[in-house]
**Student:** 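Dropping the structure in here first, questions after.
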Protein chains: 2
Amino acid sequence: MTVTIKDIARVANCSYATVSRALNNKPGINAQTRQRIIDTASQLGYQPNAIARGLVMQRTHTIGLVIPDIVNPFFPEIARGVEDVASDQGYTVFLCNTNWDQTKENVYLKALQEKRVDGIIITPSIDLVSANGTNYAYLNEINLPIVIFSGQSTTGGHSHIEIDNHRGGFIATKHLIEAGYKRIAFIGGRESSHSNSERLKGYKSALTSYGIAIDETLITNHDFYSESGYALMESLLKLPNPPDAVFTGNDIIALGVLECLQKKGIRVPEDFGVVGFDNIIFSGYPQIQLTTISQPQYLMGKLAAEILLNEINGLSTKGVRKTILEPELIIRKTTRKLNFPYNIREKSR
Amino acid sequence: MTVTIKDIARVANCSYATVSRALNNKPGINAQTRQRIIDTASQLGYQPNAIARGLVMQRTHTIGLVIPDIVNPFFPEIARGVEDVASDQGYTVFLCNTNWDQTKENVYLKALQEKRVDGIIITPSIDLVSANGTNYAYLNEINLPIVIFSGQSTTGGHSHIEIDNHRGGFIATKHLIEAGYKRIAFIGGRESSHSNSERLKGYKSALTSYGIAIDETLITNHDFYSESGYALMESLLKLPNPPDAVFTGNDIIALGVLECLQKKGIRVPEDFGVVGFDNIIFSGYPQIQLTTISQPQYLMGKLAAEILLNEINGLSTKGVRKTILEPELIIRKTTRKLNFPYNIREKSR
DNA sequence: GTTTTGATTGCAAACGTTTGATATTATATT
DNA sequence: AATATAATATCAAACGTTTGCAATCAAAAC
């Protein structure tokens with residue numbers, strides 16, 4: 001049915017070793033024979049079998065991209081970046097969307113190994129370091145190049161790339177403080193997620209830097225979805241002493257927060273400040289204009305893929321690379337722009 | 001290095017045929033031996049090699065998803081739907097994002113065949129029927145189960161699933177007419193795309209049904225990006241007799257249109273009506289509230305995957321299935337709600 | 001006219017599975 | 001005790017490639 005290298009060998013009247021060499025541009029083969037083989041290959045409509053090749057070469061030219069939420073616009077940009085460099089270098093990528101489900105994440109990781117991908121880019125749905133000792137030492141058991149995207153390695157054995165989330169949380173909160181908001185809340189996503197907890201730490205350290213006491217009732221976490229932002233905002237507003245600003249775990253949550261505020265008739269930014277995280281494309285739309293912390297998503301995707309492919313191709317040593325990008329505050333219309341004469345003392349980092 | 005079936009055979013003291021049968025739950029094997037084999041397999045940390053298996057089985061349990069723009073929120077929902085059912089059934093999906101690049105599309109299609117995927121779901125970046133005769137007969141040459149998502153088969157040889165785009169264009173335009181807008185423009189995306197041209201036809205047929213002359217100067221096409229919507233809106237407004245409403249090829253374009261209108265200080269919906277297409281999640285956000293035509297994205301993704309997997313598993317005959325979903329008009333805040341006493345005559349369909 | 005050399009080509013094993021055909025063993029039947 | 005039967009295990013081929021090594025062959029060197 002499907003034409004193989006043997007068929008070509010038969011009609012081109014040579015051994016299939018020769019066919020293989022001809023088609024793969026290997027040296028030590030007569031130019032005429034090569035041409036003859038190439039011609040009959042295309043005549044027969046030959047399509048190399050990457051599976052067979054993968055078996056002998058122990059290389060599949062395939063990588064896995066494991067992410068928690070493809071629907072959050074943050075990730076499609078990442079995926080595009082990863083894909084663009086992967087396809088440029090002849091790699092294909094398995095999309096593994098976990099919906100924040102750790103079981104699914106593990107199932108995918110297993111499947112990727114069985115399918116013999118050459119490497120994996122993963123945004124773990126849980127913070128690996130703090131989860132260590134639980135059943136999440138799993139990444140260390142995978143004997144493949146891995147780059148951890150927006151997460152941390154428990155062993156230092158993996159490359160990783162992320163924005164400086166702590167710093168991001170810090171400058172977001174600092175901005176709210178300087179804009180004159182007095183009671184700044186935090187509405188996070190998954191409490192167990194690495195980026196979320198780093199952002200929270202940044203939030204706390206900013207408050208501390210400004211001599212503002214941390215009020216645990218103002219710190220909430222649930223999910224990285226807008227419904228969650230809406231619901232938590234609603235309950236924060238019911239507090240005896242409600243906040244007048246909020247820093248959220250990501251932009252999607254912030255959108256939920258804004259929706260809630262609008263419904264309650266609370267004016268943003270006059271009476272309430274909101275800053276998000278990620279700078280997804282929709283945050284910049286004129287109707288939204290969310291103040292947020294920017295992550296260069298497409299670039300990060302590209303970088304992640306480049307790091308991984310370098311490791312795969314032995315161009316860089318495994319697990320050596322730590323890439324931390326600098327976050328940037330994008331001031332838009334959900335925060336006031338007042339400059340208070342604070343004496344800014346940032347904690348040394 | 002990696003442990004194989006042979007290693008297991010050696011320590012479990014049996015042939016590797018037996019190991020294979022034990023591990024795959026094949027009948028005709030002693031319960032004790034099976035247990036012994038399973039135990040040693042897990043002791044040795046055995047991971048089946050799906051590549052080797054794929055080679056003999058001629059099945060990879062892998063499908064390809066070829067889409068033009070992962071960044072448009074329409075597609076991540078599709079991808080999630082596809083992935084959820086695929087992973088449920090033990091399949092992995094290759095994400096192939098083409099950025100509307102036909103060359104890249106072809107490269108991907110070739111790669112997918114070489115990697116011996118079991119089937120393909122594709123949203124072609126170009127209308128297959130009208131492009132026939134050009135170099136785009138390519139899909140017909142692929143000897144694999146294919147479901148065409150939001151596109152049409154040239155031969156009828158492939159299953160396809162889509163919303164009724166013509167009808168969608170019709171009801172969108174009809175709504176604008178009934179709301180009392182007088183000069184209704186069309187701002188499309190890729191002119192060569194199937195869904196776009198169907199939507200345009202629907203637009204035209206609605207105008208005709210209401211006895212409104214089609215003004216070609218009001219019909220524009222460019223890209224499915226918001227920048228494109230912005231630019232085309234801007235140029236339409238410079239017309240001697242500019243439109244007072246627009247139906248766009250998708251929601252993303254509509255967002256660009258809205259941005260332009262806002263910048264020009266044109267009031268929506270009082271002085272200008274906008275209706276989009278897709279009902280991406282952001283269209284429903286309180287700050288946007290875009291009137292649009294809904295496509296049940298996640299469901300469509302699921303359906304596409306189910307159809308494909310059924311074909312793959314021989315549960316349904318190849319290419320037999322045509323699924324056309326009914327579009328729904330979602331009226332929000334970018335169109336007026338006036339009811340004119342028109343005598344509605346829809347063209348018979 | 002041998003021998004040496006270098007360029008081509010072919011052989012056969014290997015990659016890690018699955019599976020039909022066959023062989024072995026244990027159990028049941030006579 | 002010999003035979004038939006059923007249950008279990010092994011053999012070996014197949015899937016479609018790549019590649020080290022050996023073989024062939026013509027031209028060059030002696």
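Chain identifiers are assigned alphabetically (A, B, ...) following the order of the sequence lines, protein sequences preceding nucleic acid strands; residue numbering begins at 1 within each chain.
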**Student:** What string of B, S and - do you get for nucleotides 18-28 of chain C 5' to 3' if you count protein non-hydrogen atoms under 4.0 Å?
**Tutor:** BBBB-------
**Student:** Run the numbers on B:R53 and B:N24 for side-chain contact (heavy atoms from CB on, under 4.5 Å), then give the verdict.
**Tutor:** CA-CA 12 Å; B:R53 178 179 288 157; B:N24 293 316; 3.5 Å; yes
**Student:** Judged by each residue's nearest nucleotide on DNA chain D, which is more toward the 5′ side, A:K6 or B:S15?
**Tutor:** B:S15
**Student:** Both B:T33 and A:V3 contact DNA chain D. Taking the nearest nucleotide for each, which residue is further toward the 5' end?
**Tutor:** B:T33
**Student:** Quick one: does NZ or CZ of A:R190 land under 6.0 Å from the six-membered ring centre of A:F224, within 45 degrees of the ring axis?
**Tutor:** no
**Student:** If you compare all heavy atoms of A:F74 against all heavy atoms of A:I78, which two are closest, and at what distance to 0.1 Å?
**Tutor:** O-CG1, 3.2 Å
**Student:** State, to 0.1 Å, how close B:H194 and B:G151 come at their nearest heavy-atom pair, and which atoms those are.
**Tutor:** CD2-CA, 3.4 Å
**Student:** Would you call B:K110 and B:E114 a salt bridge, taking side-chain N to carboxylate O under 4.0 Å as the test?
**Tutor:** yes
**Student:** Checking B:T92 against A:K115 for the side-chain hydrogen bond (donor to acceptor under 3.5 Å, both in side chains) test, could you report, in this order, the C-alpha distance in whole Å, the side-chain angles of both residues, the deciding distance, and whether it holds?
**Tutor:** CA-CA 9 Å; B:T92 327; A:K115 301 213 170 172; 2.5 Å; yes
**Student:** Evaluate the ring planes of B:F94 and A:F94, with Trp represented by its six-membered ring, and classify them as parallel (under 30°), tilted (30 to 60°) or perpendicular (over 60°).
**Tutor:** parallel
**Student:** Donor-acceptor check, side chain of A:R36 to backbone of A:A12, threshold 3.5 angstrom: yes or no?
**Tutor:** yes
**Student:** Heavy atoms of chain A, cut-off under 4.0 Å: which first and last nucleotide of DNA chain D, 5' to 3', fall inside that, if you could look?
**Tutor:** D:dG16 to D:dG20
